[in-house]
Chemist: 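Sharing a structure here in structure tokens format.
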Amino acid sequence: MASSKLCASRTELKVLGPRPATLTGRAVRSSRVQIIRRRSSTVLCSVAPNQVESPAAQTFVADVPKKTECFGVFCTTYDLKAEEETKSWKSLINISVSGAAGMISNHLLFKLASGEVFGLDQPIALKLLGSERSIQALEGVAMELEDSLYPLLREVSIGIDPYEVFQDAEWALLIGAKPRGPGMERAGLLDINGQIFAEQGKALNAVASRNVKVIVVGNPCNTNALICLKNAPNIPPKNFHALTRLDENRRNVSLKAGVFYDKVSNMTIWGNHSTTQVPDFLNARIDGRPVKEVITDSKWLEEEFTERVQKRGGVLIQKWGRSSAASTAVSIVDAMRSLVTPTPEGDWFSSGVYTNGNPYGIAEDIVFSMPCRSRGDGDYELAKDVLIDDFLRARLKKTEAELLAEKRCVAHLTGEGNAFCDLPEDTMLPGEQ
């Protein structure tokens with residue numbers, strides 16, 4: 001008679017096994033979904049009395065496949081060279097996304113898979129980072145991506161370990177962050193989220209491509225980007241960006257001027273992603289003309305224009321009941337596309353970037369939103385011929401002071417000694433709370 005024994009084991013890799021997939025006609029994918037999770041498990045083993053000396057746990061561990069398997073349509077494989085449609089396709093781009101089960105990612109991932117960023121001849125692999133709590137939601141995300149039949153989406157993998165999910169990443173979109181809870185001070189949020197981005201910076205440094213491009217979305221994004229780059233010394237600091245493109249997209253000078261938004265160029269958001277941010281109307285242009293020539297109401301430009309951009313997120317929350325998600329996803333796509341598409345002559349775009357060597361007199365060693373241009377190679381240069389008058393300079397100094405204070409507040413996470421928080425005021429944007 002067999003006896004039962006409760007055998008404890010630790011499973012290092014949890015894989016969803018293959019599910020048969022039969023496609024008729026031309027195959028459209030050569031992809032896989034990997035599901036990676038670590039957890040402790042118990043296995044109920046039935047063994048005969050004379051077999052007790054052979055621990056079942058050993059047999060179980062030995063049977064774990066060394067290579068992760070896949071399921072669904074992402075398992076379909078074929079020779080790309082035999083496919084006429086894909087002969088001109090480029091090599092695969094690995095994109096890692098944190099906070100992949102959240103609302104922003106729910107919009108973003110499908111835009112990436114559709115080819116909106118890299119074009120219709122560029123296959124991609126999505127590597128999605130979540131947590132123990134969100135692992136089932138990530139499986140649901142993978143299922144939706146599978147059901148959407150994107151031919152450019154060749155691989156999808158999900159996991160909770162950044163050292164696995166960031167492996168060979170060429171783009172890292174760091175969206176996941178803890179929201180600010182009731183009664184939480186900004187300094188507390190800086191510390192909690194700073195620890196997340198310190199760990200992710202170390203993971204990127206260890207396993208990502210040496211030329212990975214990193215876009216930090218989780219707030220406070222400027223200082224989180226600084227923490228991340230400080231913990232990734234083998235990756236060029238220039239490769240890190242804090243997302244301020246949504247603030248730029250919220251420009252409303254076109255409404256005031258009575259023109260469509262595509263007539264506005266050279267719009268810049270300077271500084272921190274907070275209420276100290278500086279929307280720049282001095283250098284912006286409408287249909288090629290300086291904004292101040294088209295809109296002569298200086299009081300509106302100096303007061304109402306800035307306030308509308310800063311408070312747009314709060315107004316949206318009042319109307320919608322939650323912070324922006326779809327428009328944030330669009331702005332991430334815009335930010336990526338600005339780096340892989342040559343900037344039109346004479347124009348520029350906003351991005352929070354490392355300030356070392358900047359020509360504007362901004363303090364060095366912080367992440368500060370500034371006007372950038374790109375040749376379309378993923379890199380950028382700071383725009384030249386930018387005007388800065390006394391009014392603009394005073395506002396730049398205020399947002400600069402705030403970022404320097406935030407930097408002191410996270411010194412323990414950037415390797416610069418003990419932290420000292422002297423934040424001048426609470427300038428958190430409404431969407432961060």
Side-chain angles (χ1 to χ4, degrees), residues 12-13 34 36-38 68 91-100 105 124-131 155 157-178 190-243 332 335-336 339-340 351-357 364-368 372 377-380 403 406-419:
E12 287 299 318
L13 191 62
Q34 303 171 1
I36 305 166
R37 96 175 85 166
R38 285 194 172 92
T68 56
S91 58
L92 198 71
I93 290 180
N94 292 313
I95 306 171
S96 296
V97 183
S98 75
S105 295
I124 67 170
L126 289 175
K127 301 183 175 186
L128 311 181
L129 180 66
S131 63
E155 296 179 14
S157 57
I158 68 177
I160 62 174
D161 183 355
Y163 286 85
E164 293 175 343
V165 176
F166 293 167
Q167 184 73 45
D168 300 322
E170 294 160 275
W171 288 81
L173 311 178
L174 307 184
I175 300 171
K178 181 179 177 62
L190 281 165
D191 180 58
I192 292 172
N193 280 338
Q195 294 180 46
I196 295 172
F197 286 90
E199 181 64 21
Q200 292 183 355
K202 293 172 184 175
L204 289 167
N205 194 63
V207 301
S209 162
R210 298 301 83 183
N211 197 37
V212 62
K213 309 302 181 188
V214 183
I215 298 180
V216 176
V217 181
N219 286 313
C221 63
N222 292 64
T223 299
N224 286 340
L226 179 68
I227 293 168
C228 198
L229 73 86
K230 289 290 187 177
N231 283 276
N234 295 330
I235 298 171
K238 194 176 182 181
N239 289 18
F240 290 80
H241 298 257
L243 184 75
I332 296 170
M336 297 175 72
L339 292 169
V340 299
S351 189
V353 295
Y354 197 49
T355 53
N356 281 17
E364 299 207 336
D365 202 34
I366 55 176
V367 171
F368 195 98
C372 303
D377 55 0
D379 203 353
Y380 68 92
L403 283 168
E406 288 188 9
K407 179 186 173 185
R408 291 190 293 272
C409 204
V410 298
H412 60 301
L413 299 173
T414 59
E416 298 180 13
N418 296 325

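Bear in mind that the values here come from a model prediction, so they are computed numbers and not experimental data. In what follows, residues are counted from 1 in the order of the sequence shown.
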Chemist: Using the side chain to side chain contact (heavy atoms under 4.5 Å, CB included) criterion, which residues pair with Cys372? Sequence neighbours excluded.
Modeler: Phe349, Ser351, Val353, Tyr380, Leu382
Chemist: With sequence neighbours excluded, tell me which residues meet side chain to side chain contact (heavy atoms under 4.5 Å, CB included) with Ala172.
Modeler: Leu174, Leu204, Val212, Val214
Chemist: What are the two closest heavy atoms between Ala232 and Gly201, and how far apart are they?
Modeler: CB-O, 3.5 Å
Chemist: Do Met336 and Ile215 have side chains that approach each other closer than 4.5 Å (heavy atoms only, starting at C-beta)?
Modeler: yes
Chemist: Find the distance between OG (Ser105) and CG (Leu128) and round it off to the nearest 0.5 Å.
Modeler: 7.5 Å
Chemist: With a 3.5 Å distance limit and no angle check, can you tell me whether Ser96 reaches the backbone of Val165 through a side-chain donor-acceptor pair?
Modeler: yes
Chemist: Does any N or O in the side chain of Ser209 come within less than 3.5 Å of the main-chain N or O of Asp168, such that one atom is a donor and the other an acceptor?
Modeler: no
Chemist: Lys202: which residues meet the side chain to side chain contact (heavy atoms under 4.5 Å, CB included) condition with it, sequence neighbours left out?
Modeler: Tyr163, Glu199, Asn231
Chemist: For Asp365, does its backbone N or O pair with a side-chain atom of Thr355 as donor and acceptor, under 3.5 Å?
Modeler: yes
Chemist: Working to the nearest 0.5 angstrom, can you tell me the gap between Ile227 CD1 and Asn222 CG?
Modeler: 11.0 Å
Chemist: Given Val367 and Leu403, is the side-chain contact (heavy atoms from CB on, under 4.5 Å) satisfied, shown in steps?
Modeler: CA-CA 8 Å; Val367 171; Leu403 283 168; over 6 Å; no
Chemist: List the steps, then state whether side-chain contact (heavy atoms from CB on, under 4.5 Å) holds for Val97 with Ile175.
Modeler: CA-CA 7 Å; Val97 183; Ile175 300 171; 3.9 Å; yes
Chemist: Between the side chain of Asn94 and the main-chain N/O of Glu170, is any donor-acceptor distance below 3.5 Å?
Modeler: no
Chemist: Between Phe197 and Leu413, is any pair of side-chain heavy atoms under 4.5 Å apart?
Modeler: no
Chemist: Measure the spacing between CD1 of Ile366 and CD of Glu406 and express it to the nearest 0.5 Å.
Modeler: 9.5 Å
Chemist: What's the separation between atom CG in Asn239 and atom OH in Tyr354, rounded to the nearest 0.5 Å?
Modeler: 13.0 Å
Chemist: Please report the shortest heavy-atom distance between Ala225 and His241, naming the atom on each side.
Modeler: CB-O, 4.3 Å
Chemist: So how far is it from Phe166 CZ to Leu129 CG, rounded to the nearest 0.5 Å?
Modeler: 5.0 Å
Chemist: Looking at Arg210 and Asn205, would you say the former's side chain and the latter's main chain have a donor-acceptor pair under 3.5 Å?
Modeler: yes
Chemist: May I ask you to decide if Gly415's main-chain N or O and Lys230's side chain share a donor-acceptor pair within less than 3.5 Å?
Modeler: no
Chemist: Kindly give the heavy-atom pair with the smallest separation between Gln167 and Lys127, and that separation in Å.
Modeler: O-NZ, 2.6 Å
Chemist: Kindly compute the distance separating CG (Asn193) from CG (Asn219), expressed to the nearest 0.5 Å.
Modeler: 8.0 Å
Chemist: State, to 0.1 Å, how close Gly176 and Ser98 come at their nearest heavy-atom pair, and which atoms those are.
Modeler: N-OG, 3.1 Å
Chemist: Quick check: are there more than 12 heavy atoms from other residues, nucleotides or ligands sitting under 6.0 Å from CG of Asn234?
Modeler: yes
